Amino acid sequence: MDTKLRAEIKKLIYNRDLYHANYVEEFEDLEEKIRRLSIQIDKSESDVKKQILNKQKSYYERQIEKIDKNLEHTTNVINGKIDYFEEQLQNMEKEKHSLGYNVEKLKKALERRNTNEIFDMFEYVTNAIVIINEDLKSISSKAGEPV
């Protein structure tokens, strides 16, 4: 499960970075259009043409505002998901260091008899052994005896 969470976090980070790169490209494109329209407005002598070009410029400025809002919203949503998954991952790491958690997971996996879970079962056993070993070390260090 933790590998799935790590993969999901990597995917979200990649998508966020990709979204930011697309935003920059779109923003630069709109800025270039606004710059060209400003030049045309300055060069134009016709009031009608200036009015049309100003409307077009305003449209592009509104588009920039929209993509800015979308960027902020999308980034916040993605960051929220990343934070949630990282918190879940931390909780899982804490649970892995619990003997009861690992024994319970092992019992459930044994009940299901699913061979696809064999490596997960090895992980539960390994975690449990590490926890027991750490407990034995802490008990023996308190008693002053080597393990």
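Treat the numbers as computed from the prediction; the structure is a model and nothing was measured. When a residue number appears, it is its place in the shown sequence, counting from 1.
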Qualifying residues under side chain to side chain contact (heavy atoms under 4.5 Å, CB included), relative to Val77, sequence neighbours excluded: His73, Lys81
For Asn15, all residues meeting side-chain hydrogen bond (donor to acceptor under 3.5 Å, both in side chains), sequence neighbours excluded: none
Path from Tyr19 to Ile82 over hydrophobic side-chain contacts below 4.5 Å: no
Contacts of Phe27 that satisfy ring pair (Phe, Tyr, Trp, His ring centres under 6.0 Å) - sequence neighbours left out: Tyr23
Side-chain cluster (under 4.5 Å, hydrophobic types only) that Leu18 belongs to, other residues: Tyr14
Residues in side chain to side chain contact (heavy atoms under 4.5 Å, CB included) contact with Glu134, at least two apart in sequence or another chain: Val130
Listed partners of Leu110 passing side chain to side chain contact (heavy atoms under 4.5 Å, CB included), at least two apart: Leu106, Met121
Thr74 side chain to Leu71 backbone, donor-acceptor under 3.5 Å: no
Hydrophobic cluster identity match, Ile41 and Ile64, side-chain contacts under 4.5 Å: yes
All pairs passing salt bridge (Lys or Arg N to Asp or Glu O under 4.0 Å) where residues 36-49 contributes a residue, at least two apart: Glu32-Arg36
Results of side-chain hydrogen bond (donor to acceptor under 3.5 Å, both in side chains) for Glu26 - residues two or more places apart only: none
Ring pair (Phe, Tyr, Trp, His ring centres under 6.0 Å) pairs, two or more places apart, involving residues 102-131: none
side-chain hydrogen bond (donor to acceptor under 3.5 Å, both in side chains) contacts in which one or both residues fall within residues 50-67, not counting sequence neighbours: Ser38-Lys57, Gln56-Tyr60
Those residues that, when tested against Leu99, pass side chain to side chain contact (heavy atoms under 4.5 Å, CB included) (two or more places apart): Val103, Ala128, Ile131, Ile132
Within residues 97-116 or reaching into it, pairs that qualify as salt bridge (Lys or Arg N to Asp or Glu O under 4.0 Å) - sequence neighbours excluded: Arg112-Glu117
